[in-house]
Amino acid sequence: SECVDGNTLREFPGRCEAGACVFEPALRACPGCPDCADCAEECASPPPPFCASPTALRVSALPGGCDQEGECAYPTTDIVCPGPCVSNACADAGDGWVPTSTAGAPAPRYGQTAVWTGSEMIVWGGIGVGQPLDSGARYDPGSDSWTPMAALSAPEARHQHTAIWTGGEMIVWGGLGAENAYLQSGGRYDPAMDEWTATRLVGAPSARQRHVAVWTGVDMIVWGGLDGAIFLDSGGHYDPGSDTWAPTAATSVGPRENSAAIWTGTEMIVWGGYWSGLIDSGGRYVPGIGWSSTAGAGAPSARQHHTLV
């Protein structure tokens with residue numbers, strides 16, 4: 001073989017014809033390979049498999065070749081795991097649990113929040129050893145690894161707050177701070193930049209804990225909760241684009257704490273909770289229109305600390 005130019009190799013494959021060896025030149029592209037070396041021989045060690053997503057294992061295969069930078073490149077295949085992809089391997093499917101790594105995990109806590117970004121879980125806040133926390137970490141199930149979050153400009157330590165994911169940021173708001181102070185503040189965390197930005201205080205709802213929060217695709221709605229001895233039936237819309245607040249419409253649904261809420265795509269539904277007793281009622285809130293009550297017939301028994309999906 002011989003080099004034609006920096007990107008082309010001339011080879012002379014042979015064959016037998018009428019008892020004689022015949023060699024005919026053939027050109028083969030070999031972009032970026034040093035001295036037009038044989039790519040297949042140079043790139044014969046594909047990298048090990050790795051988790052391309054929480055449910056897919058990416059496997060590289062031979063033959064390898066050189067890319068435009070002169071680096072080895074290999075064809076890849078994404079294998080859908082029967083269970084989760086953890087520690088660069090497919091875990092067994094079924095009802096079994098896979099433990100998360102403790103290396104680099106946040107300090108022990110309760111009363112924290114967690115959101116899913118599409119590729120990572122973000123855990124933040126809560127109570128540690130008798131004190132609220134202003135720390136957290138991001139967990140990647142694909143690599144089973146934790147990454148600490150920036151502490152600079154993070155909101156003050158708290159628990160019993162809420163957190164939502166906007167598609168690009170996590171927004172935390174409200175809760176209880178040091179010495180059980182009720183909080184009216186919050187923060188926006190951008191995992192791509194590992195940066196915090198405070199939410200605006202002007203126009204924010206009154207300080208509270210045990211409230212609910214949903215993301216509408218445009219803004220965050222917070223509602224209800226407890227402010228000292230006062231159960232609340234008020235809330236606010238927070239627009240992260242303009243960093244502004246607007247109040248939610250007044251309602252006769254009834255104040256409450258420890259309720260649950262979901263966003264349907266057009267309305268927020270709140271149900272259950274506690275106010276001088278357990279609650280078995282709820283309300284539907286359409287931004288720009290107002291509130292209506294959920295049906296009472298056939299509703300579950302009264303409760304708090306439940307979930308909605």
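Computed from a predicted structure; not experimentally measured.
Looking at residues two or more places apart in sequence or on another chain, you find a ring-ring contact (aromatic ring centres under 6.0 Å, His included) between His237 and Tyr285. Partners of Trp245 according to the ring-ring contact (aromatic ring centres under 6.0 Å, His included) rule, which considers only residues two or more places apart in sequence or in another chain, are Trp173, Tyr238. Partners of Asp190 by side chain to side chain donor-acceptor pair (under 3.5 Å), not counting sequence neighbours: none found. Partners of Thr166 by side chain to side chain donor-acceptor pair (under 3.5 Å), not counting sequence neighbours: none found. Looking at residues two or more places apart in sequence or on another chain, you find no ring-ring contact (aromatic ring centres under 6.0 Å, His included) involving Trp263. Among residues two or more places apart in sequence or in another chain, the salt bridge (charged side-chain N to carboxylate O under 4.0 Å, His left out) test is passed with Asp78 by Arg58. For Ser60, there are no side chain to side chain donor-acceptor pair (under 3.5 Å) partners two or more places apart in sequence or in a different chain.
In this structure, CZ on Arg256 lies 12.0 Å from CD on Gln304, to the nearest 0.5 angstrom. Between the CD1 atom in Ile171 and the OG1 atom in Thr197 there is a gap of 10.5 Å [rounded to 0.5 Å]. The distance from atom CH2 of Trp124 to atom OH of Tyr189, rounded to the nearest 0.5 Å, is 12.0 Å.
Nearest heavy-atom pair across Tyr74 and Pro47 is CD1-CD, 3.7 Å. When all heavy atoms of Cys85 and Ser53 are compared, the closest pair comes out as CB-O, 3.6 Å. Nearest heavy atom pair, residue Leu133 against residue Pro108, reads CD1-O, 4.3 Å. In terms of heavy atoms, Ala295 sits closest to Ala299 at O-CB, 4.2 Å. Taking every heavy atom of both residues into account, Pro141 and Ser119 meet most closely at CD-O, 3.6 Å. Contact record, Cys51 with Ala89: SG-N, 3.9 Å, taken as the closest heavy-atom pair.
Residue pairs satisfying the salt bridge (charged side-chain N to carboxylate O under 4.0 Å, His left out) criterion with at least one member in residues 118-135, sequence neighbours excluded, are listed as follows: Glu120-Arg138. Applying the salt bridge (charged side-chain N to carboxylate O under 4.0 Å, His left out) test to pairs two or more places apart or on separate chains, those with a residue in residues 149-173 are Glu169-Arg188. Applying the salt bridge (charged side-chain N to carboxylate O under 4.0 Å, His left out) rule to pairs touching residues 198-227 yields Arg210-Glu257, sequence neighbours excluded.
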When the side chains of residues 176-183 are checked against the rest of the protein, which donor-acceptor pairs come out under 3.5 Å, sequence neighbours left out?
residue: Tyr182; atom: OH; partner: Gln209; partner atom: NE2; Å: 3.2
residue: Tyr182; atom: OH; partner: Gly228; partner atom: N; Å: 3.4

Report all side-chain donor-acceptor pairs from residues 270-284 shorter than 3.5 Å, counting only partners two or more places apart or in another chain.
residue: Arg284; atom: NE; partner: Glu267; partner atom: OE1; Å: 3.3
residue: Arg284; atom: NE; partner: Glu267; partner atom: OE2; Å: 3.0
residue: Arg284; atom: NH2; partner: Glu267; partner atom: OE2; Å: 3.1

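Classified by interplanar angle (parallel below 30°, tilted 30° to 60°, perpendicular above 60°), the ring pair Trp146/Tyr139 is tilted.
Linking ILVMFWY residues whenever their side-chain heavy atoms come closer than 4.5 Å, directly or via other members, places Ile221 and Trp291 in the same cluster.
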